[in-house]
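A short write-up of the structure that comes next.
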Amino acid sequence: MDALEAFRRETRAWLDANCPAEMRTPVSGDDDICWGGRNFVFKSEAQKVWLARMAERGWTVPGWPKAYGGGGLSHEEVKVLKEEMRAIGARSPLESFGIWMLGPALLAFGSEEQKQEHLPRIARGEIRWCQGYSEPNAGSDLASLQTRAEDAGDHFVVTGSKIWTSYADKADMIFCLVRTDFSAPKHLGISFLLFDMTWPGVSTKPILLISGKSPFCETFFDGVKVPKANLVGTLNRGWDIAKYLLTHEREMIGGGGGGLLGGRSPGQVAAQEIGTDGEGKLADAFLRADVARAEVDALAFAATMARYKDEAASGGKGVGDRSAVLKYYGTELNKRRHELLMRTAGHEGLEWEGARSNDGERPRGWLRTKANSIEGGTSEVMLDIVAKRLLQLPNA
Amino acid sequence: MDALEAFRRETRAWLDANCPAEMRTPVSGDDDICWGGRNFVFKSEAQKVWLARMAERGWTVPGWPKAYGGGGLSHEEVKVLKEEMRAIGARSPLESFGIWMLGPALLAFGSEEQKQEHLPRIARGEIRWCQGYSEPNAGSDLASLQTRAEDAGDHFVVTGSKIWTSYADKADMIFCLVRTDFSAPKHLGISFLLFDMTWPGVSTKPILLISGKSPFCETFFDGVKVPKANLVGTLNRGWDIAKYLLTHEREMIGGGGGGLLGGRSPGQVAAQEIGTDGEGKLADAFLRADVARAEVDALAFAATMARYKDEAASGGKGVGDRSAVLKYYGTELNKRRHELLMRTAGHEGLEWEGARSNDGERPRGWLRTKANSIEGGTSEVMLDIVAKRLLQLPNA
Amino acid sequence: MLVLNDDQVMLQDAARGFVSEKAPVAALRKIRDEKIADGFDRGLWRSMAEMGWTGVLVPEDQGGLGFGFVGAGVICEEMGRTLTASPFLSTAMMAATALSRAGSPAQKERWLPAIVAGEAVIATAVDEGRRHDPAGTAMRAERHGNGFRLSGTKAYVVDGQAADAVLVAARTAGSAGETGGFSLFLVETATRGLSAERLSTLDSRGAAELTFDGVEVTADAVVGEVDDGFPLLEIVLGAGRAGLAAELSGNAQESFDRTMAYLRERKQFGRTIGAFQALQHRAAHLFCEVEVARSAVLAALQALDADPAGASLAVSVAKSKASSVARLAAQEAVQMHGGIGMTDAIDIGLFMKRMQVASTLYGDADFHADRVARARGF
Amino acid sequence: MLVLNDDQVMLQDAARGFVSEKAPVAALRKIRDEKIADGFDRGLWRSMAEMGWTGVLVPEDQGGLGFGFVGAGVICEEMGRTLTASPFLSTAMMAATALSRAGSPAQKERWLPAIVAGEAVIATAVDEGRRHDPAGTAMRAERHGNGFRLSGTKAYVVDGQAADAVLVAARTAGSAGETGGFSLFLVETATRGLSAERLSTLDSRGAAELTFDGVEVTADAVVGEVDDGFPLLEIVLGAGRAGLAAELSGNAQESFDRTMAYLRERKQFGRTIGAFQALQHRAAHLFCEVEVARSAVLAALQALDADPAGASLAVSVAKSKASSVARLAAQEAVQMHGGIGMTDAIDIGLFMKRMQVASTLYGDADFHADRVARARGF
């Protein structure tokens, strides 16, 4: 038996002994997710126990070094852990922007002190982070951001506003791009700061979307004092961290396509909701043509995600700029999927509130997907990246 | 009875008495068309008689002034004539680039001498014209043409080459854009010349297309001497004439959509070739969804051609830049129509030669339509025109 | 001539002026945010009556303006531009068409003046499931004494939540799937056994699910022919489809225009985003589509004026094309606006929501493409 | 792992080198212009045999290389890039699959060494009409003494004009539309009553219409099970479909690459046309599609290697996707090349012509989308 197989057995046994039964049931909504943080109210004792047990082994962040609260597992071991968790339907013990975004950034760019201070607390779910990137007037042109951090000796004074800060109203701390040099070319005057959402001058306001309530907020900074020790990386070189995280985010959005393509396909939903004819074919022939083509594309795209991942694994490089392919294609497919679900729903997809429509779950889901091709880099920006970097087409 | 009704009766009677029976049968191919010209060989006595009779009344070019060999008819009278010809299935007595293109250009820009010299000969089918616009290295950027006409006192010396000159190998004369000033901005150094294809230094070579033989030629000028009297309009202002004709041509291509959309729709062809089910629906459900949508678009587009024409007629202005809408949409629809016809044909659409496929009529037709969105201004140029001129979007 | 005549142009100008002053998009937000149960503003509806709009399809000899379908469509298009909520489609178009063509003298006398005066709202109830499927009507109207007894449920009845009466399609013969055996009844909503459940909808206008629990009506409630009501129903639906197509055309034009304004103004990467050629070409393509949809709508409205029973091909072309073009316009509008387009703070999302409702009602793009195919022989 | 292994990468390199040297697009022009009746160059085919390609799907114990479907697909993809004409698909993929899996010892002995040696060409004859429709096979094989008598016509048989033998699907029971009652026969083309009409085709490779006029064969001609040949036919067609999908992927990649090269070089309006953002975005979209088709093809080839009878979903995804992507690539290639792309002087049109043939054969994009839908339950 090789070492990996031994690890698998051990993991299986541990999970079986330690994952509470309640944590093996499917998540039914945002409410069931454990986000952690100072003010987090556990939904159940099981949720709390599960987080504690997993955090103790470092398995909330299994691939991070043990020194920073991680599990110190290899790529293969992480895969095994995920497979074994999936096998028993175990919930993720902890989700957070700290795990997805800030952690990788600190591991790559943070000082030893910063790693020591923040990573273990992320791993244990003690601090909930949010991300301060976008600004109302910057949009796709993120590097044109205007939030300023003035040098005031041992600290910066931060003034400005951010938009699309998910869960800013629930977060404990923010990692934030700010302008520290207004005279430099726009990419060269940006820095990456960490600060506390409870500090004086920080306020937030939720954003109402066309699909209804959202975790997004506007976040305002009015002369927030941030110690210089909270600067990550080099002054004015925050854009390097931003780029690193954008690529990382694209890979997650496009490549974590489980979320995008998960569950039943539109054709399967339509067959169940509309019914099939004597031959088992979806009873609406026009819709069937479109869901069939969407199915082809979804399966071919799933193969592409797998191929890129396998190529990256076997080549020893990340997906790199090809993450733009995944982000573009995956989000456009998901929008199409929801258009097909709306066609399937017909009149029933027009209901917005009320129990029988689960408060308009389908139309709200449809509207929400319209943001998929905007957030995390618009489809237009992805196509620019493909054209310029992958295809080497010339600049205008 | 109003004057128009009187004209209709008179026309009907004249056509009935003068249109030979053979000229009331459908044209079966390019061979049946009367193109006129010095070397034209009439296919039958009836064809010759029909041209002579129509030309005598000026009805080969019914809307042109009588002084130049036209019929001097009003817009409404021309419409009546066409309706009455269509009613008895009368063939067009004469087709030519002289009628479509050069005539309108001379009427708008020519000198009195030029009109007297050329228009009656076009009207009588005595001279066959071809058009010398495109060049191998100019493409969509027509104004960058390089064929040069050097000033040599009383004449120009023309050197260069043209491409896509339809029927250049059969034409008697050419109307041609040439560069007469290399130092001016590219649109301001172009002139419009007329010359004879038999003059020394002119040669032609047919172009083989992906669809097979074509009327297109490459045409070469090697020091052709052209008298200055053959300059139309002002020296170096030939671009104005070119633009006028390009708009005119776009309206014809897009708006003369009879040719593009004529005959049976792809859905009707498919129903006949593939068959229908018990409910009368095309037996291939996927194809049916696509031909149905194409039918909607074709009928909606036909309404658009009619609306633009009616708006132009009632507003007293031409279709103008909106001809780009017609050209773009009509040609893209026609390409789609042929894609659908190929899907309908299946294996039978793969045959290239032989009697039963009529020498690959369907695949050759399909391939030929790929040029629709290139010739007469590419779809990309049309979209640029719509964006810049109709939508007033800013320049980069 | 596929152009508006002088009277129609005047009507268009008047309608545009009226809706932009009295019923801008803010008026719809008010209906939504104040949860006005009718789904429209009754005061606005009375003002529309004063403009004569309620009588646009009522013949002059019956107290209306007799402006015809082109006139009605011009109004719908302008209302589409500002997302004006009103019972114009249900009452002034569909019910007025049914009653003025096939109503008994008593029905006309009772209802047409009330429609013209803006005092009556009449809904049309056809569909019973998630898809538009008139021939699939299963609801029964059993003969009962001299009259009928109606039992069944009607889904998503436009203005059903606010109606004084309902024109309802039911089977006096035949079974679901057949076009024979239809009869139309005009039933006051206060009739015993008829109940309405108000639906909260995507477009904030509401709708109702109507339940007929042994509703008894006399023979006087029949509109048109017993057992042979399908052709009349088709004409009534034709009016509704054409009205929706015109509204969708207006919806598409307006969201397109707002997007072009945004493209000319918004700056990114150091230039106006409207200068990016990739967006220019998509905008130009969309403009062509919007133009083509407009033509199809005008052709359908003229065809209805020429012969309502013979206009079904033109109406289906218009409803299909306008539905798909309005969808493309809404998608491009949100995408080109970027993040701000996703927020409730600007109006673009409201155009998308109403587009979804209007494109679904009385047959979506594919339902009508299927009809076009049938009409064209394949 | 959805990646090529080291052996497969080596094979790909070798194949690319071979076709670019021995069978560039000019070789296809030669076949066309010199009207070579076989539709391929027999010398080239012998060279392929020397490379071992003819035995790529023949097990090692039967004298082949046993490289499997991924190996075969890698070769198809490279041949797709240069439009290499050869009987690789018909003979080395389809016939070799049929015979190595289901051939009798005598059939294997007779044909497999000949296939591996490049000495035999074997076509597969299934379709009888304009559409690919294996279940629709009507051709009869009547029992006749100890053998069978075959009568009927097969349309568009790939390499039928050059074949030594034909694997033909016929009905020993059942009727058109049923999947039961199929038997496959291997018939030498010299057999009395079998005639071939050579078809001149869009891709210059030719094909044949085969007429079986009471062709008598012995029971030894049966490949696999009598009356239950459909599952074997599906596997053979799966090999053909996957091979065509791989070829179409190569076709799309090459016409894409050539178009990108043109975009980087051609100047219009004072700049390289590849700098126009509208073209950049279309190119980028197309690149994504080409990437997605490549993945689907590799997944299908791996699925065939894992279990040929269970690969039909993956194969249909690949054939559908590769067919539609190659079409888009050809359309964009011609359009982006402009006028020159329409001329026979450059090769782009040849890619479009072959795309049409390869996308049509053994089921077009929609035929396979329909199969995907069925496999997924709708």
Side-chain angles (χ1 to χ4, degrees), chain B residues 134 136-144 163-164 186 207-214 216 218 273-274 283-287 289-290 335 339 342-354 356-357 359-360 362-364 366-368 370-371 373-375 378-381 383-384 387 396, chain D residues 32 35 127-133 155-156 197-207 209 266-271 273 276-279 282 327 330-331 333-350 352-353 356-357 359-361 364-367 369-370 373:
Chain B
S134 300
N137 290 313
S140 288
D141 186 11
L142 177 59
S144 68
I163 198 169
W164 308 120
K186 65 182 179 180
I207 295 173
L208 187 63
L209 290 186
I210 60 177
S211 48
K213 283 188 197 141
S214 81
F216 295 115
E218 282 184 274
E273 294 187 0
I274 294 173
D284 178 333
F286 278 64
L287 181 59
D290 291 348
K335 289 197 298 180
E339 287 287 345
M342 283 298 277
R343 267 166 66 185
T344 299
H347 298 131
E348 293 179 13
L350 307 180
E351 292 185 42
W352 188 244
E353 287 165 320
R356 73 179 194 184
S357 68
D359 274 336
R362 186 153 304 173
R364 288 174 196 267
W366 165 69
L367 288 165
R368 179 62 184 82
K370 298 305 176 199
S373 49
I374 298 168
E375 60 204 349
T378 63
S379 282
E380 290 76 18
V381 168
L383 291 172
D384 277 338
Chain D
R32 178 185 75 173
K35 294 185 183 297
D127 291 311
E128 299 171 3
R130 58 167 60 203
R131 321 299 289 272
H132 177 57
D133 181 16
Y156 213 94
E197 183 192 350
R198 187 182 187 282
L199 306 176
S200 157
T201 65
L202 190 51
D203 61 353
S204 306
R205 296 194 193 182
E209 182 171 285
R266 169 79 166 168
K267 286 194 171 49
Q268 293 268 273
F269 302 105
R271 52 174 159 157
I273 61 174
F276 285 102
Q277 196 200 28
L279 295 188
R282 279 161 53 189
R327 181 169 307 277
Q331 289 167 343
V334 170
Q335 182 69 25
M336 291 188 186
H337 275 83
I340 190 77
M342 280 300 297
T343 68
D344 190 66
I346 70 163
D347 292 336
I348 284 299
L350 299 175
M352 179 176 266
K353 289 173 179 177
Q356 180 65 31
V357 174
S359 67
T360 301
L361 289 176
D364 65 8
D366 279 349
F367 175 91
D370 177 83

Q. Measuring from D/R327:CZ to B/E339:CD, what's the distance to the nearest 0.5 Å?
A. 4.5 Å
(Q) Has B/D141 got a side-chain atom pairing as donor or acceptor with D/Q268's backbone, closer than 3.5 angstrom? (A) no
Q) Taking atom CZ of D/F367 and atom CZ of B/R343, what is their separation to the nearest 0.5 Å? A) 14.0 Å
**Q.** Within-4.5 Å side-chain heavy-atom neighbours: D/M342 and B/E375
**A.** no
Q) Does the side chain of B/I374 come within less than 4.5 Å of D/V334's, by heavy atoms? A) yes
Q. Do the non-hydrogen side-chain atoms of D/L202 and B/M342 ever get within less than 4.5 Å of each other?
A. yes
**Q.** Distance, nearest 0.5 Å, that separates CE of D/M336 from CD of B/E380
**A.** 7.5 Å
Q. Which residue out of D/Q277, D/E209, D/K267 racks up the most heavy-atom pairs below 4.5 Å with chain B?
A. D/E209
**Q.** B/S379 portion near chain D, given a 4.5 angstrom heavy-atom threshold
**A.** both
(Q) For D/R205, which atoms come within 4.5 Å of any heavy atom of chain B: side chain, backbone, both, or neither? (A) neither
Q.
With chain D as the partner, which of B/L383, B/D284, B/T378 has the greatest number of non-hydrogen pairs under 4.5 Å?
A. B/D284
Q) Is chain B contacted by the side chain of D/Q331, its backbone, both, or neither, given a heavy-atom distance below 4.5 Å? A) side chain
(Q) Restricting to side-chain hydrogen bond (donor to acceptor under 3.5 Å, both in side chains), what partner residues turn up for B/H347, sequence neighbours left out? (A) none
(Q) Any non-hydrogen side-chain atom of D/R266 less than 4.5 Å from a side-chain atom of B/N137? (A) yes
Q. Side chain of D/R130, backbone of B/T344: donor and acceptor closer than 3.5 Å?
A. yes
(Q) Quick check: do B/L367 and D/K353 have side-chain heavy atoms less than 4.5 Å from each other? (A) yes
Q: Check whether B/A138 gets within reach of chain D through its side chain, its backbone, both or neither, counting any heavy atom under 4.5 Å.
A: backbone
**Q.** Heavy-atom check, side chain of D/Q356 versus side chain of B/W366, under 4.5 Å
**A.** yes
Q. Going through the checks in order, is the side-chain contact (heavy atoms from CB on, under 4.5 Å) test met by B/L350 and D/T360?
A. CA-CA 9 Å; B/L350 307 180; D/T360 301; 4.0 Å; yes
(Q) Rounded to the nearest 0.5 Å, what separates atom CG in D/D364 from atom CZ in B/F286? (A) 10.0 Å
Q. Going by heavy atoms in the side chains, are B/E348 and D/R131 under 4.5 Å from each other?
A. no
**Q.** Under 4.5 Å from any heavy atom of chain B - which part of D/D203
**A.** neither
Q | Under 4.5 Å from a heavy atom of chain D, the part of B/S144 involved | A | neither
Q. Okay, side chain of B/E351, backbone of D/T201: is any donor-acceptor separation there less than 3.5 Å?
A. no
Q.
Quick check on B/I207 against chain D: is it the side chain, the backbone, both or neither that has a heavy atom closer than 4.5 Å?
A. side chain
Q: Heavy-atom distances under 4.5 Å only: say whether D/L279 touches chain B with side chain, backbone, both or neither.
A: side chain
Q: Go through the steps for B/E353 and D/K35 under the test salt bridge (charged side-chain N to carboxylate O under 4.0 Å, His left out), then give the verdict.
A: CA-CA 12 Å; B/E353 287 165 320; D/K35 294 185 183 297; 3.7 Å; yes
Q) If you measure from CD1 on B/I163 to OG1 on D/T343, what distance do you get to the nearest 0.5 Å? A) 7.0 Å
Q. With only heavy atoms counted, which part of D/F269 is less than 4.5 Å from chain B, the side chain, the backbone, both or neither?
A. both
Q. How many angstroms lie between CG in D/L199 and CH2 in B/W352, if you round to the nearest 0.5 Å?
A. 15.0 Å
